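Structure, as structure tokens:
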Amino acid sequence: MARFYVTTPIYYVNDAPHIGHAYTTVTADALARWHRMCGDDVFFLTGTDEHGLKVARAAEANGITPKEQADRTSERYRQAWEALDVSNDDFIRTTEERHYKATAELMQAAFDNGWIELRPYEGLYCVSCEAYYVESELDEGMTCPIHHRPVEVLSEENYFFKLSGLSERLLAWYEDNPGAVTPESKRNEAIGLIRGGLRDISISRTSIKWGVPVPWDASHVFYVWYDALINYATAVGYGSDPERFERWWPAVHHLIGKDILRFHCVYWPALLMAAGLAPPKRIAVHGYLLVGGEKMSKTALNQIAPADLVADFGVDGYRYHFLRDQAFGPDGDFSYEAMVSRYNSDLANNLGNLLARVSTVVERKCGGVGPAPNPDSHLRAVAAEVYEQASHAWQRIAPSEALEATWRLVREANASLEQAEPWKADPGPDVDAVLGDCLEVLRLVALLASPALTRASQEIWRRIGLSSDVTAQRLPEAAQWGGYPGGLSVRRGAPLFPRMTA
Ligand code: MSP
């Protein structure tokens with residue numbers, strides 16, 4: 001059985017979840033769902049990143065302790081994911097005991113291997129990034145290139161990770177693993193960072209207390225990023241269950257936004273190497289979801305909460321939009337109008353109408369009993385092609401292409417209905433043939449779209465008379481043409497996707 005371990009970044013608890021965070025999480029969820037249908041052994045992890053100055057300062061501003069800040073916001077993330085039908089197998093919090101243990105063990109291994117040492121340090125620090133910069137990396141006015149806010153001068157004695165000594169090994173790893181970072185442009189960016197010359201990096205702080213203590217020197221805590229990255233190892237048993245860790249590592253697929261490429265594609269593989277562990281199998285990088293052409297941020301006041309869109313479009317409408325319309329990789333501009341138009345065309349008109357028409361005509365012409373599909377239908381070959389394309393697209397982490405392929409079946413079924421016009425014909429074999437094929441298409445689309453449409457897919461399944469659970473089906477067998485048995489009661493119901501007006 002193939003193993004598929006998929007992760008999202010762990011989100012900072014200084015701020016509430018918005019559609020940018022949800023974008024990564026829903027994509028990871030859809031992938032996890034697809035792989036579960038393929039019969040893979042799946043482990044899907046998300047969680048919250050709770051240490052660091054940013055969180056400590058947010059807590060201070062809210063007049064609460066960092067732990068209270070973390071408890072509250074972490075809970076909001078949990079709720080947001082639940083409301084979007086996110087099926088994570090674990091939710092990690094970096095303030096958990098298991099994570100302290102794993103961080104201590106991994107860092108101790110890197111220290112014992114000679115990759116960490118104490119040095120004085122003074123640097124330019126961006127609190128929002130939780131990162132030091134050198135002057136040449138800053139924008140005009142000594143501002144952070146990501147947050148456009150002034151950096152601060154921090155000076156302290158830090159433990160340093162001797163990253164520069166790992167450049168050659170990192171480049172060799174990139175050379176040997178061409179698919180490790182996707183898309184290609186991001187892989188090149190990471191290689192460029194390494195070739196550009198890596199400096200040793202400061203990984204501990206004495207100035208703050210809100211962090212995981214350095215195991216060999218309790219006056220330091222690890223700088224937030226270095227405990228954060230280790231969450232991916234913690235959750236599969238590093239530091240507590242070596243056998244379990246063996247089972248899942250390094251078969252991990254990290255999904256990340258492009259803002260955290262350097263940490264995941266350079267520092268993380270290097271840190272794993274320093275600790276004597278294998279780098280991750282795959283890091284898939286996506287672009288920003290922009291609102292009005294800008295990245296969402298607290299300061300720009302342009303954050304959109306997932307719940308506000310779910311109220312209008314439902315969970316399925318929400319998930320479908322982000323998976324279908326925001327291709328994984330490039331930046332994408334979010335627009336409410338585009339969301340309405342995609343919802344109306346693909347869900348209300350195409351899929352919703354197919355279901356409504358088929359169930360109405362089956363009731364009127366077939367006594368409510370669904371006919372079986374035709375084994376020689378012209379749609380059989382279409383279904384086979386669609387499955388191939390969709391399956392490859394899910395493997396490549398291209399949900400928009402997978403769904404686009406899937407909707408070809410919907411369009412072809414609608415076209416065959418329009419051509420045959422069974423609503424005008426007398427009951428008989430011709431009517432049965434076209435309706436049987438369309439019922440089969442509905443079954444296949446419910447199946448193939450279920451990673452996106454977590455609710456509607458089960459409802460379509462039920463309305464065409466199938467009693468099982470759509471997620472219990474196994475691919476590729478269930479995607480074979482002819483799985484709809486016929487002879488089942490087909491139910492009519494309220495429109496699955498009521499049309500929206502912008
Ligand atoms: N805590 C770190 C990650 C540590 S992982 C070991 C962090 N957290 S974050 O809360 O800022 O979330 C960053 C991630 O949220 C991005 O990498 C991306 O996956 C997602 N997004 C946040 N804003 C986004 C957009 N505007 N668009 C798309 N995704 C975005 O960084």
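Given the structure is predicted, the values throughout are model-derived calculations rather than measurements.
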(message) Contact between Asn374 and Val434 at the side-chain level, heavy atoms closer than 4.5 Å - yes or no?
(response) no
(message) Looking only at the side chains, is there a donor atom on one of Arg282 and Thr182 sitting less than 3.5 Å from an acceptor on the other?
(response) yes
(request) Check the angle between the aromatic planes of Phe245 and Trp249 and answer parallel, tilted or perpendicular using the 30° and 60° thresholds. (result) parallel
(message) Are Phe91 and Ser74 packed together at the side-chain level, in the sense that at least one heavy-atom pair is separated by less than 4.5 angstrom?
(response) yes
(message) Would Arg244 and Phe43 count as a cation-pi pair here, with the cationic atom under 6.0 angstrom from the ring centre and within 45° of the axis?
(response) yes
(request) Check the side chains of Ser377 and Asp437 for a donor-acceptor pair under 3.5 angstrom, ignoring hydrogens and angles. (result) yes
(message) Can you confirm whether the side chains of Gln69 and Asn62 place a donor and an acceptor under 3.5 Å from each other?
(response) yes
(message) Could you check whether Glu75 pairs with Arg72 (Lys NZ or Arg NE/NH1/NH2 to Asp/Glu carboxylate O, under 4.0 Å)?
(response) no
(request) Classify the side-chain pair Thr8/Thr46 by whether it contains a donor and acceptor separated by less than 3.5 Å. (result) yes
(request) Taking atom types as modelled, find out whether Arg33 and Thr454 have a side-chain donor-acceptor pair closer than 3.5 angstrom. (result) no
(message) Using 30° and 60° as the class boundaries, would you call the ring planes of Tyr11 and Tyr77 parallel, tilted or perpendicular?
(response) parallel
(request) Evaluate the criterion salt bridge (Lys or Arg N to Asp or Glu O under 4.0 Å) for residue pair Arg474 and Glu477; output intermediate values, then yes/no. (result) CA-CA 6 Å; Arg474 281 294 155 265; Glu477 299 77 18; over 6 Å; no
(request) Measure the acute angle between the ring planes of Phe4 and His35, then classify it against the limits of 30° and 60° as parallel, tilted or perpendicular. (result) parallel
(message) Could you check whether Lys258 pairs with Glu189 (Lys NZ or Arg NE/NH1/NH2 to Asp/Glu carboxylate O, under 4.0 Å)?
(response) no
